[in-house]
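The structure appears below as structure tokens.
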Amino acid sequence: MKTITTHLASIVLLVSFICANALTPQARSNHGIIITKDEEVLIHVSDDDSLRKGACASQLTVRVVRGGGGSSANPLSNLKNFVFKAFQNLSSTLTKPFTFRSIKKPSILQSPRERRENKLQEQLRTVPIENVIVRNSTVLPKEVVDMAAKRAGLFGRPLQTEAVQEVANSLKQWYETNGFVLHNMIGVSVQVENRTAELAMEEPVSSKHPISITCCREMVIDPNDGSLLTLKQYRDTLPKESKIKKSDLNTTFVPIASAGKTKPNRIASAMGLSPGKSFRWNTYTWNRIMQSGLFRQFLKVAPERMPDGTVQLQMVVEEAEQRNLEYGVTKSQYTDGWGGEVDFSHKNILGGGECLTVSIRKGATRKGGPSVKLQFLDEKFGMPGGYDVQVFSDYIGENQGESDEEDLKDKNLLGRKGISFNLLRNSIVEKYGIPSMASACLERTSTKGGLHESVGSTTLSIGPISKQLPLQARTNIFGKFTIGTQFTDTLLPFSSVTATTRQTVPLASLSESKQPIVLALQHAVTVSTSGLPSHEAKSQGVACKIRGYRGENDRIATALVGTTELRFPLPRLEDAKLIVFGDWCASQAPCSSSFGRRASVGLGIRKSFQGMPLKYDVSYTKEGKFGVFFGFGPDFDA
């Protein structure tokens, strides 16, 4: 009987040993593989040589794996499924009659390694976390990590899988907010002896070539033989009288053998992507690239992993036409006269969005020559450093009145020639969040009497600075400050300051219209010194013009101008408005001590025709005269 009892006891011990080893350590602990709907946390007990020799603190590793459902982005998904299924199979065959969480291998049968692991797991369940550090991160601030750990409740208690996952989510949110869309937290090592959690981050860097661009061409698939033809080639195969619609054709995109006009390094520079640096997505710049007109279509834009582990942004695009011809009507900023304009532009001329434009303008009268301007523009996709260079020859052709005085005729402006450089975004001012532009200009003007003025000037434009007011009202302010000098026998310095403010206030809506009645206000003040050049004074006179005073655009050095409008939507006419306005101006001519005053009231109609906003105003001046005003463009807004 004693022998039978001894054999039974041995069999029970053997079965318990087999079951205890068949079950993974995770099945015997509350810190095993935790499988949720879309995340998993794996806690692994480290057992390296340094740990066995006691060279470093005891460690427990927690690996955070983001769900992906077996995709290549989740390399542990197969391991998770294998371990979980193996556990299920073993549970159904060996452990069904027993409660194995209560079965513990006798200490006498445990190896030193198993005893050490059990001790570390017990410490993990009891040792509170007092500090958090980050390794292998070049962009994550320490204060962000501490804030995430505090919000997750990681400090002051043993490591909890829910807290680890919350920290990972918080850091991922910070990464995405700051453009590091591929960065995330992949694990945490717990140093039990000093009670420190060390976070492990994955921060991919850009490859040697941060961006690759593959240009494609849209081709028509011939329905007869399946060959690929350009749209022009396909039209040539059809009868001349046949009409085709592109939407009815079966087309596909085919990569072209030659490289496109756009240079990948210029796009990478604008996006801020450098080899070996963290991959960072700049949404603002990308939107500017999409709106630049360089590409007709974006077929694919995606970051791809390279064999060396770096990231490359791969773009498959169809480039837009580079050359463009436009024509239209314009108004002179010196005489307020109408004229025609033709612009020829060549975009992306150097592969980075640059544009070379030639503009030719001609007044409505037969007299006088054309105005010609050559412009080179590089906006750098809205980033700081964008610039604009212009070489111009403007015909002004001023005619001041019908007087026969030779002195007056001699002072009529004939034209101006010169060169200007514009810095589109002034980084000194824009670091405070204020849009600005700085420019410098060298020019020479001439009059009909043969007089000349050589002028050098610099201008700083600031704004508009906008602000939202109560009741959905808006306001903004912008200004321009110019300093320069005239090069005569002696230097004659001058300066000019202009400030403009605008407000729009929505009022009650009409019963038949969803658009409200809008009260719009605009006021501007201009102050100049006595040395202001003649063409600058003439330009300020045109800018201070009010409705009803046609043909009386005098030279102005100082002025205060105001406009008030009530804008009524017309429900029965689409995109139409009725305007009730009042204009006033107090101005002073150069070298004059008296102020002239003008004022007018009137009605106007606004209507869009084929996308072009048209204006027509009828005014009544304080002198009792009626006048009409016709123009293009939208009304001012805040």
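Hydrogens, waters and symmetry mates play no part in the numbers below; they use all other heavy atoms, side chains included.
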What are the two closest non-hydrogen atoms of [X] and [Y], and how far apart are they?
X      : Y      : value
Leu507 : Pro516 : O-CB, 3.4 Å
Cys585 : Val561 : SG-CG2, 3.8 Å
Ile546 : Ala599 : CD1-N, 3.7 Å
Ile579 : Arg606 : CG1-CG, 3.8 Å

When you compare the side chain of [Y] with that of [X], does any pair of heavy atoms fall below 4.5 Å?
X      : Y      : result
Tyr395 : Arg361 : no
Phe478 : Pro435 : no
Leu471 : Val505 : no
Ser420 : Ser439 : no
Ile556 : Thr526 : no
Leu313 : Ile211 : yes
Pro533 : Thr445 : no
Ile477 : Pro464 : no

Task: Residue pairs involving residues 374-389 (criterion salt bridge (Lys or Arg N to Asp or Glu O under 4.0 Å); sequence neighbours excluded) - done: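 As it turns out, the salt bridge (Lys or Arg N to Asp or Glu O under 4.0 Å) pairs with a partner in residues 374-389, which skip direct neighbours, are Arg266-Asp378, Asp378-Lys380.
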
State plainly whether the residues [X] and [Y] are in salt-bridge range, i.e. N to O under 4.0 Å.
X      : Y      : value
Lys480 : Glu536 : no
Asp583 : Lys622 : no
Glu565 : Arg567 : yes

- [ ] Can you establish whether the number of heavy atoms outside Glu321 located under 6.0 Å from its atom CD is more than 12?
- [x] no

TODO: Might you confirm whether atom NZ of Lys263 has over 12 heavy atoms from other residues, nucleotides or ligands at distances under 6.0 Å?
DONE: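 No - once you tally the heavy atoms of other residues, nucleotides and ligands closer than 6.0 Å, there are 12 at most.
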
- [ ] With side-chain contact (heavy atoms from CB on, under 4.5 Å) as the test, would you mind laying out the steps for Trp584 and His523 before giving the verdict?
- [x] CA-CA 10 Å; Trp584 59 271; His523 295 86; 3.8 Å; yes

TODO: Would you please test Thr251 and Tyr234 for side-chain contact (heavy atoms from CB on, under 4.5 Å) and show each step?
DONE: CA-CA 11 Å; Thr251 62; Tyr234 181 71; over 6 Å; no

TODO: Tell me yes or no: between the side chains of Thr621 and Ser600, is some donor less than 3.5 Å from an acceptor?
DONE: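 Absent: no donor and acceptor within the cut-off.
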
Open item on the list: Just by distance, no angles: are the side chains of Thr262 and Glu319 close enough, under 3.5 Å, to form a donor-acceptor pair?
Closed with: yes

- [ ] In sequence, state the C-alpha distance, the side-chain angles, and the governing distance for His535 and Glu453, and then conclude on side chain to side chain donor-acceptor pair (under 3.5 Å).
- [x] CA-CA 9 Å; His535 70 286; Glu453 289 180 342; 4.6 Å; no

- [ ] Start with the C-alpha distance between Arg555 and Leu413, add both sets of side-chain angles, then the distance that settles side-chain contact (heavy atoms from CB on, under 4.5 Å), and finish with yes or no.
- [x] CA-CA 11 Å; Arg555 299 171 183 177; Leu413 290 171; 4.0 Å; yes

Task: Steps toward side-chain contact (heavy atoms from CB on, under 4.5 Å) verdict (Thr357, Lys373) - done: CA-CA 8 Å; Thr357 304; Lys373 180 178 69 176; over 6 Å; no

- [ ] Using the six-membered ring wherever Trp is involved, compare the ring planes of Trp338 and Phe632 and label them parallel, tilted or perpendicular (cut-offs 30° and 60°).
- [x] perpendicular

Open item on the list: Checking side chain to side chain contact (heavy atoms under 4.5 Å, CB included) between Leu374 and each of Ile419, Leu356, Val389, which is the one that passes?
Closed with: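 For Leu374, the side chain to side chain contact (heavy atoms under 4.5 Å, CB included) check succeeds only for Leu356.
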
